[in-house]
Colleague: 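Input: one structure, supplied below.
Because the structure is a prediction, the values reported are computed rather than measured. All heavy atoms count here, side chains included; hydrogens, waters and symmetry mates do not. Proteins come first, then strands; the chains are lettered A, B, ... in the order of their sequence lines, and each starts at number 1.
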Amino acid sequence: MELRLYDTLSREKRAFTPLDPTLVRMYVCGPTVYDFAHIGNARPVIVFDVLFRLLRHLYGAEHVKYVRNITDVDDKINDRAARDYPGLPLNEAIRKVTEQTERQFHDDVDALGCLRPTVEPRATEHIDEMRAIIEKLIAGGFAYVEQDHVLFSPGAMNAANGGLPRYGTLANRSLDEMIAGARVDVAPYKRDATDFVLWKPSKPGEPSWPSPGGISTPGRPGWHIECSAMSWKHLGERFDIHGGGIDLVFPHHENEVAQSCCAFHTPRMAETWMHNGFLQVEGEKMSKSLGNFVTIRELLATDKFGGRSWPGAVLRLTMLKTHYRSPIDWTAQALQESLDNIASWNDAVTPHGLDEAGSYPPPDEVIAPLADDLNFSRAIAEMHQWAKAARAGDYLAAKKLAGAADFLGLQRVAWDQAVQSCAADAEIDDASRAKFDALVAARAAARASKNWAESDRIRDELAALGVVLKDGKDADGKPVTTWEIAR
RNA sequence: GGCCACGUGGCGGAGUGGUUACGCGCCGGUCUGCAAAACCGUUUACUCGGGUUCGAUUCCCGACGUGGCCUCCA
């Protein structure tokens with residue numbers, strides 16, 4: 001099956017052909033570990049997890065290498081460490097912050113049903129590679145040393161002839177436009193406004209490493225160099241897919257391209273550039289000042305958003321309902337609808353006695369839309385059709401639904417529990433439970449003697465308590481009544 | 001100011017130069033003592049104005065609106 005992916009660089013959907021089909025290579029920009037990841041951070045993690053699964057399906061699990069970095073050197077980390085652990089030496093405090101945040105991040109994305117990437121490299125473990133790239137850039141005339149900083153010169157890159165991309169191609173803007181934009185800060189150590197930092201000096205107490213470029217004072221890397229270093233180390237000078245949020249196109253990815261292509265003299269860094277769209281919360285940009293900032297953890301474990309907690313599968317399904325390049329509006333209503341979908345799928349699948357912990361193969365009807373630039377919505381539409389058929393007794397449809405859910409990482413094994421925990425009767429105490437059961441039994445007796453008035457009175461009484469009854473029949477045709485708490 | 005993306009029915013959200021998306025809701029029906037649940041079915045659409053075309057929601061131009069980026073935010 002042909003895989004087609006939208007490439008940000010060429011701005012078109014193209015057939016995907018791996019450089020080496022025996023090792024498909026993908027790099028995705030991961031978190032900077034200084035605080036709980038917010039729900040916007042979850043989007044690329046989930047989107048590229050699905051792509052990872054699809055690539056493994058198409059090329060074989062052993063033939064896909066997925067690298068997602070962990071950035072553990074950053075000013076925000078330093079600030080957080082100083083704030084949270086004022087008594088500790090900064091380096092120790094930083095380690096505490098990064099280790100704890102990394103653990104939280106893993107817990108969160110595990111709960112979202114994401115596979116671990118093949119490699120999760122840390123920036124601080126790739127300082128040697130960063131220095132090596134910086135030395136190459138200085139030697140090639142693309143970077144220069146000034147006041148203990150090393151700066152990259154996009155101007156020098158564009159002046160060089162042959163074999164290199166033009167700076168600004170990915171972001172679709174020219175160097176002249178950027179200079180004209182003039183909102184760049186003109187630091188005294190920059191020769192040109194558009195030059196950006198590869199390496200900078202560390203203040204006393206800050207993390208520091210021996211500097212490149214013959215600089216005697218120790219320093220630390222700039223923002224963009226880490227991804228050039230880690231992708232090089234783990235995927236090589238050129239690789240297949242580079243992904244991240246749309247906001248990273250400029251400057252982060254543009255500068256990565258500049259660094260890598262100039263260091264290795266290659267015409268491109270990644271063959272395909274993929275960027276997920278932004279997430280809004282209840283129609284507004286998520287920000288701390290608006291008070292609508294919500295972390296993955298808060299959604300999973302608190303009632304801060306929508307008045308209840310939400311299972312990981314519900315968060316994931318909600319994320320997959322919108323195409324990855326479109327903006328997504330994160331609303332409590334959307335989460336509730338996803339929960340209802342999963343409850344309905346669970347009802348459809350359960351009677352067929354499928355192996356919950358087992359894994360069923362993904363149907364082609366789901367692979368096909370996913371292979372068309374990750375059309376999640378169409379894949380999910382198929383699932384609804386199978387659910388319908390499964391409810392009508394179609395075992396094969398139930399298996400397909402399960403296979404699709406397993407493939408999409410929707411944690412079928414947790415559906416039952418997810419639905420239960422959200423049914424609002426999880427916190428019912430035993431006394432109430434016994435009382436409801438007794439009332440249901442009394443009503444059953446009234447119905448058996450056709451005392452409809454009493455039967456309805458009891459139902460009204462239970463309704464007033466927030467309990468909804470469902471009458472049905474068991475296998476022998478005898479009446480059976482179950483109850484649940486109204487949502 | 002520059003660049004970019006998007007604008008689909010009550011809501012969410014696919015897709016397409018001429019034929020059903022799908023889900024939720026609403027409404028009707030089956031079932032039920034009556035309900036609920038379940039199942040079946042129906043309904044409403046392509047921001048506006050031009051243009052290309054036999055025909056445009058789909059292509060082009062413009063307007064309006066929303067969102068994003070423009071040096072460390074996914």
Colleague: List for me each residue that meets ring-ring contact (aromatic ring centres under 6.0 Å, His included) alongside A:His149, sequence neighbours excluded, and say none if there are none.
Modeller: A:Tyr189
Colleague: With sequence neighbours excluded, tell me which residues meet ring-ring contact (aromatic ring centres under 6.0 Å, His included) with A:His384.
Modeller: A:Trp345
Colleague: With a non-hydrogen cut-off below 4.0 angstrom, is A:Gly244 in contact with a base, only sugar-phosphate, or nothing?
Modeller: sugar-phosphate
Colleague: Measure the shortest side-chain to side-chain distance between A:His252 and A:Cys29 over non-hydrogen atoms and say whether it is less than 4.5 angstrom.
Modeller: yes
Colleague: Could you check how far CZ of A:Arg378 sits from P of B:G12, rounded to whole Å?
Modeller: 22 Å
Colleague: Angle class for the A:Trp273/A:His253 ring planes (parallel below 30°, perpendicular above 60°, tilted otherwise)?
Modeller: tilted
Colleague: Does A:Gln333 CD have over 12 foreign heavy atoms under 6.0 Å away?
Modeller: no
Colleague: If you restrict it to nitrogen or oxygen atoms, what contacts under 3.5 Å exist between nucleotides 8-11 of chain B and the protein, and what is each distance?
Modeller:
unit_1, atom_1, unit_2, atom_2, d
B:C11, O2', A:Gln333, NE2, 3.4

Colleague: On a whole-Å scale, what distance lies between the P atoms belonging to B:U43 and B:C54?
Modeller: 33 Å
Colleague: Between B:A74, B:C22, B:C69, which one does the side chain of A:Gln385 approach most closely?
Modeller: B:C22
Colleague: Report the nucleotide, chosen from B:A14, B:A74, B:C22, that has the shortest atom-to-atom distance to any side-chain atom of A:Pro44.
Modeller: B:A74
Colleague: State which of B:G13, B:U71, B:A74 makes the closest approach to the side chain of A:Asp247.
Modeller: B:A74
Colleague: So A:His323, base contact, sugar-phosphate only, or nothing? Heavy-atom distance under 4.0 Å.
Modeller: sugar-phosphate
Colleague: Mind checking the C1' distance from B:A21 to B:U58? Whole angstroms is fine.
Modeller: 15 Å
Colleague: Between B:G10 and B:C46, how many Å separate the two P atoms, rounded to a whole number?
Modeller: 10 Å
Colleague: If the sugar-phosphate is the primed atoms plus P, OP1 and OP2 and the base is the rest, what is the B/S/- string for nucleotides 2-7 of chain B, using protein heavy atoms under 4.0 Å?
Modeller: -SS---
Colleague: Give me the distance, rounded to whole Å, that separates B:C34 from B:C22 when you measure between the C1' atoms they each carry.
Modeller: 34 Å
Colleague: In whole Å, what is the span from the CG atom of A:Asp471 to the P atom of B:G33?
Modeller: 9 Å
Colleague: Is any NZ, NE, NH1 or NH2 atom of the basic residue among A:Asp35 and A:Arg80 found under 4.0 Å from an Asp or Glu carboxylate oxygen of the other?
Modeller: yes
Colleague: What's the shortest heavy-atom distance between A:Val97 and A:Ala81, and which atoms?
Modeller: CG2-CA, 3.7 Å
Colleague: Between B:A36 atom C1' and A:Leu465 atom CG, what is the distance in whole Å?
Modeller: 17 Å
Colleague: Could you tell me which residues satisfy salt bridge (charged side-chain N to carboxylate O under 4.0 Å, His left out) with A:Lys435, sequence neighbours excluded, listed by chain and number?
Modeller: none
Colleague: Charged N to carboxylate O below 4.0 Å: is that the case for A:Arg447 and A:Glu454?
Modeller: no
Colleague: For A:Lys321 and B:G13, give me the distance from atom NZ to atom C1', rounded to whole Å.
Modeller: 9 Å
Colleague: Residues of residues 442-460 of chain A with any non-hydrogen atom less than 4.0 angstrom from an atom of RNA chain B: list those, numerically ordered, please.
Modeller: A:Arg443, A:Arg447, A:Trp452, A:Ser455, A:Asp456, A:Arg459
Colleague: What do you reckon, do A:Phe278 and the base of B:G67 stack, with centroid distance below 5.5 Å and planes below 30°?
Modeller: no
Colleague: A:Val249 and A:Ala171: which non-hydrogen atoms are nearest, and at how many Å?
Modeller: CG1-CA, 3.9 Å
Colleague: Considering only the P atoms, how many Å lie between B:G25 and B:C60, rounded to the nearest integer?
Modeller: 38 Å
Colleague: Output the rounded distance in Å from CZ (A:Phe376) to C1' (B:G23).
Modeller: 17 Å
Colleague: Strictly below 4.0 Å, N to O, side chains only: are A:Arg443 and A:Asp456 in salt-bridge contact?
Modeller: no
Colleague: Tell me whether A:Asp373 is salt-bridged to A:Lys13, with the criterion being a basic N under 4.0 Å from an acidic carboxylate O.
Modeller: no
Colleague: Within this structure, what is the CD-to-C1' distance between A:Glu256 and B:U71, rounded to whole angstrom?
Modeller: 14 Å
Colleague: So, A:Glu298 side chain and A:Lys304 main chain: donor-acceptor pair closer than 3.5 Å or not?
Modeller: no
Colleague: What are the residues of residues 26-34 of chain A, sorted by number, that bring a heavy atom to within less than 4.0 Å of RNA chain B?
Modeller: none
Colleague: What is the nucleic acid contact for A:Leu248, judged by heavy atoms within less than 4.0 Å: base, sugar-phosphate only, or nothing?
Modeller: sugar-phosphate
Colleague: Could you tell me whether the side chain of A:Pro121 reaches within less than 4.5 Å of the side chain of A:His126, counting heavy atoms only?
Modeller: yes
Colleague: Could you check whether A:Arg220 pairs with A:Asp75 (Lys NZ or Arg NE/NH1/NH2 to Asp/Glu carboxylate O, under 4.0 Å)?
Modeller: yes
Colleague: Give me the stems containing RNA chain B, sorted by first residue, counting only three or more consecutive Watson-Crick or G-U pairs with both distances under 3.5 Å; say none if there aren't any.
Modeller: B:1-7 with B:64-70, B:10-12 with B:22-24, B:27-30 with B:38-41, B:47-51 with B:59-63
Colleague: Just to verify, what does A:Arg103 make a salt bridge (charged side-chain N to carboxylate O under 4.0 Å, His left out) with, not counting sequence neighbours?
Modeller: none
Colleague: Could you check A:Leu279 against A:Lys285 and say which one's nearest nucleotide on RNA chain B is further toward the 5' end?
Modeller: A:Lys285
Colleague: Measuring only between side-chain heavy atoms, which start at C-beta, is A:Ile328 closer than 4.5 Å to A:Gln280?
Modeller: no
Colleague: May I have the distance from A:Asp340 (atom CG) to B:C24 (atom C1'), rounded to whole angstrom?
Modeller: 8 Å
Colleague: Choose from B:C22, B:A74, B:U71 the nucleotide whose nearest atom is closest to any side-chain atom of A:Thr194.
Modeller: B:U71
Colleague: Return a table of donor-acceptor pairs under 3.5 angstrom between the side chains of residues 458-469 of chain A and protein atoms on other chains or two or more places apart.
Modeller:
unit_1, atom_1, unit_2, atom_2, d
A:Glu461, OE1, A:Arg457, NH1, 3.1

Colleague: Taking the nucleotide of RNA chain B with the closest heavy atom to each, which residue, A:Asp74 or A:Thr322, is nearer the 5' end?
Modeller: A:Thr322
Colleague: May I have the distance from A:Gln336 (atom CD) to B:G12 (atom P), rounded to whole angstrom?
Modeller: 16 Å
Colleague: Sequence neighbours excluded, which residues qualify as side chain to side chain donor-acceptor pair (under 3.5 Å) partners of A:Ser211?
Modeller: A:Trp199
Colleague: Give the nucleotide from the list B:G15, B:A74, B:C22 with an atom nearest to the side chain of A:Asn375.
Modeller: B:G15
Colleague: Any side-chain heavy-atom pair from A:Phe152 and A:Asn255 closer than 4.5 angstrom?
Modeller: no
Colleague: Rounding to an integer number of angstrom, what distance separates B:U57 and B:U16 when you compare their C1' atoms?
Modeller: 9 Å
Colleague: Charged N to carboxylate O under 4.0 angstrom, A:Asp49 versus A:Arg316?
Modeller: yes
Colleague: Does A:Asn341 have a side-chain nitrogen or oxygen under 4.0 Å from the phosphate oxygens OP1 or OP2 of B:C24?
Modeller: no
Colleague: Each nucleotide N or O in nucleotides 38-43 of chain B that has a protein N or O under 3.5 Å away: list the pair and distance.
Modeller:
unit_1, atom_1, unit_2, atom_2, d
B:C39, OP1, A:Arg391, NE, 2.0

